[in-house]
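What follows is a single structure, written as structure tokens, with notes after it.
What you see is a predicted model, and the numbers here were worked out from it, not measured in a lab.
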Amino acid sequence: MDIKKVKRSEDYSAWYNNLVKYADLAEHSAVKGCMVIKPYGYAIWETMQAELDRRFKETGHVNAYFPLFIPKSFFSKEASHVDGFAKECAVVTHYRLKVDEDSREIVVDPEARLEEELIVRPTSETIIWNTYRDWIQSYRDLPILVNQWANVVRWEMRTRLFLRTAEFLWQEGHTAHATAEEAIEETRKMLDVYADFAENVLAVPVIKGVKTPNERFAGALDTYCIEGLMQDGKALQMGTSHFLGQNFAKAFDVKYVTRENKQEYVWATSWGVSTRLMGALIMSHSDDEGLVLPPRLAPIQVVIVPILKKGDANEAVLKKAEEYFFALKKAGIRVKLDDRDTQSPGFKFAEYELKGVPVRIAIGPRDVQNGALEVARRDTKEKQSMAETDLVHKIEHLLEQIQNNLFQRALDYRSEHITAVNSWEEFKDVLENKTGFVSAHWDGSTETELKIKEETKATIRCIPLNNPEEAGTCVYSGKPSTQRVLFAKAY
RNA sequence: CGGGGUGUAGCGUAGCCUGGUAUCGCGCCACAUUUGGGAUGUGGAGGUCGUAGGUUCGAAUCCUGCCACCCCGACCA
């Protein structure tokens, strides 16, 4: 376990890679750019899915599934969309292999070339809107509120586990509406769902905002986002929600008849979050000891480690441990009793710390005699002896406390790392030395945005929602500006 | 895709310069003693040295191509 060899403060990238590996979350696969999500990591993703899926259902959405393959012609129908994704599409050209007569090797059968090539979906707007054309005739068919859980492929040149891989898992919501107002409302509503999920489940504070035209989704009129700040001072886009206007409806000729018997194009939204959230989770809370998981997301919320000794006390210890185990389980807590006698308690302590288990209960002969137990919390590493009376409530309360503490800690860090600056010198200095978000006036032009990016690598992460109007001058160009926007270096 | 680096047992490594089929630690297996913060002893198993060629009597070692990963760029919803 040489996770501790690399300190978070010394080499954040290496620390992250080690953590993903040693906490058993994921590993590189034999396929370039693609990862294997291991059972422990996948269990966390499943919990995220469950929490999100519940929220989607509560807001009226239903799940469906669309094809992995998209005909190239569909893909090219929306001009800005294809522009945005063309450079990272995997393309299927053939449908058969054969054994080469000479070399006896398996080769692509040149006679099995597809008439029309298929794109492996980088996102599904095109296939979905092509389908919606058949589903929508009248205003009575609207709205359509569909979500799909799927994998997508974006051929990246440089990958990082969870943060950027060629294939990743996500959900994509695709909705169709009769009016622009309703679609915009949907876009904003789902942004709120994401923000609620990020803050209350992941315990990661996020800033809700809107992207600049330059950072907008290819094919959208507006892209809303939630932006998080990682422990190394870099920002991470954690989710996006797009108001697509009528772009896809026009590209795929999706019209509906109004009450007044008029033909109108349908209004669209799409929104998604991905396994990238795993990266956000790791980079928001974890430390040199390993992963730190918020209780609401932890596959194991409480682990019970019996301290076994030579002699007859063991039976009593195990019996007590089981008693606690069943009491906690009955209360709906995800609890594990680790009664392996092949590892020492110290080993287990370290292992569960590495895996981020929020609460550890240790119980030995002394505790049994005293009717007590030792409770250790992962977030603060505090240990305390606790009387067994009312154990379930105490643990429930503690889990709640840990959840809140993690959020508060991350929020404090972020608050300290949003810096308002008024000069270009200050801008560069904060970005370089203090890191985090820089709040600065911007003249609103893409030209300035790109120049700033070129000179500092910082991008405009978002224009926060409900951003106060404030007259000022652009930190770069000196031109007049009406508001501050958030810049940061980002993943 | 460009520049740099790395690749030797599950993990981390020595050996490479100066060619003669491999070192050590952790982990793994067995037994014993242990167990309140990563136990100890003894014995044991495990390696086509990333991969494909080349040079050579002989290649982990020298040469070339390829692959993967890491760092820096470019690119990137």
Side-chain angles (χ1 to χ4, degrees), chain A residues 1-6 11-18 21-22 24 27-35 80-81 83-89 122-123 125 152 154-161 163-166 168 170 172 211-220 222-227 235-242 270-274 276 289-290 305-311 313-314 317 338-354 360-370 372-374 376 381 383 385 453-454 457 459-462 490-491:
Chain A
M1 301 292 170
D2 42 7
I3 164 95
K4 290 182 187 176
K5 270 191 185 170
V6 183
D11 187 343
Y12 200 79
S13 296
W15 168 82
Y16 175 86
N17 289 333
N18 271 337
K21 186 166 148 189
Y22 290 116
D24 245 358
E27 61 191 27
H28 290 282
S29 71
V31 186
K32 184 176 169 63
C34 297
M35 65 178 163
S80 58
H81 189 67
D83 273 355
F85 284 108
K87 282 167 290 182
E88 45 186 5
C89 286
T123 181
E125 274 78 4
V152 286
R154 295 178 186 178
W155 213 261
E156 301 287 353
M157 294 190 210
R158 199 171 150 185
T159 58
R160 289 197 75 188
L161 291 174
L163 297 173
R164 173 163 288 122
T165 47
F168 56 93
W170 76 345
E172 46 182 325
K211 290 289 189 188
T212 62
N214 178 53
E215 297 274 336
R216 216 174 260 159
F217 176 79
D222 260 320
T223 288
Y224 294 86
C225 62
I226 51 171
E227 293 282 326
L236 181 72
Q237 177 176 299
M238 291 171 58
T240 48
S241 184
H242 314 292
S270 68
W271 27 274
V273 296
S274 70
R276 182 176 239 208
E289 272 27 84
V305 178
I307 312 294
L308 304 173
K309 305 231 184 201
K310 213 160 96 172
N314 279 354
V317 169
D338 188 349
D339 58 1
R340 289 177 298 173
D341 59 2
T342 49
Q343 323 295 137
S344 72
F347 179 92
K348 293 178 186 175
F349 292 177
E351 187 178 44
Y352 291 111
E353 274 163 16
L354 180 59
R360 180 186 73 235
I361 293 175
I363 169 167
R366 281 206 309 271
D367 297 311
V368 175
Q369 279 187 342
N370 301 335
L373 54 150
E374 183 191 81
K381 307 212 189 74
K383 284 195 287 197
S385 185
K453 182 180 177 185
E454 198 176 308
K457 301 209 169 67
T459 48
I460 299 179
R461 300 319 303 156
C462 69
Y491 276 99

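Ranking B:G38, B:C76, B:U35 by closeness to the A:Glu88 side chain, first place goes to B:C76.
When the C1' atom of B:C11 is taken as reference, atom CG of A:Asp24 falls 13 Å away, rounded to whole Å. In this structure, the CG atom of A:Leu163 is 12 Å from the P atom of B:C70, given to the nearest Å. The distance between atom CG of A:Leu161 and atom P of B:C69, rounded to the nearest whole Å, is 9 Å. When rounded to the nearest whole Å, the span between NZ of A:Lys87 and P of B:C1 equals 16 Å.
Rounded to a whole angstrom, the distance from the P atom of B:A74 to that of B:U51 is 34 Å. Of the P atoms belonging to B:U61 and B:C70, the separation is 25 Å, rounded to the nearest Å. To the nearest whole angstrom, the two C1' atoms, one in B:A68 and one in B:U21, are 25 Å apart. B:A14 and B:G7 are spaced 15 Å apart, taking the C1' atom of each and rounding to whole Å. For the C1' atoms, the distance from B:C49 to B:G12 is 16 Å, rounded to whole Å. Across the C1' atoms, B:U18 and B:A60 are found 15 Å apart, a figure rounded to whole Å. Straight-line distance between the P atoms of B:G27 and B:G73: roughly 38 Å, to the nearest whole Å. Annotation: B:U8 and B:G3 have their P atoms spaced 24 Å apart (nearest Å).
Note that CZ of A:Arg461 is 9.0 Å distant from OG1 of A:Thr212, once rounded to the nearest 0.5 Å.
The base of B:G73 has none of its N or O atoms less than 3.5 Å from a complementary donor or acceptor on the side chain of A:Lys457. Side-chain atoms of A:Glu353 come within donor-acceptor range of the base of B:G37, with a qualifying N/O pair under 3.5 Å.
A:Arg360 is linked by a salt bridge (charged side-chain N to carboxylate O under 4.0 Å, His left out) to A:Glu353, counting only residues two or more places apart in sequence or in another chain.
Side-chain nitrogen and oxygen atoms of A:Ser13 include at least one within less than 4.0 Å of the OP1 or OP2 phosphate oxygen of B:C71. Contact annotation: A:Lys21 side-chain N/O to B:G12 OP1/OP2 distance is under 4.0 Å. Here A:Ser344 reaches the OP1 or OP2 of B:A39: one of its side-chain N or O atoms lies under 4.0 Å away.
Using a 4.5 Å heavy-atom cutoff, the side chains of A:Val368 and A:Ile363 are in contact.
Nearer the 5' end of RNA chain B, as judged by each residue's closest nucleotide, is the contact made by A:Ala14, out of A:Glu215 and A:Ala14. Taking for each of A:Ser80 and A:Glu454 the nucleotide of RNA chain B with the nearest heavy atom, the 5'-most of the two is the partner of A:Glu454.
In this pair, A:Trp15 and A:Tyr12 present their aromatic rings tilted. The plane angle is within the 30 to 60° band.
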Nucleotide-level pairing of RNA chain B, given in dot-bracket where Watson-Crick and G-U pairs need both distances under 3.5 Å and | marks other strands: ((((((((.[[[..)....(...]]].((((((.....)))))).....[[[[[..)....]]]]])))))))....
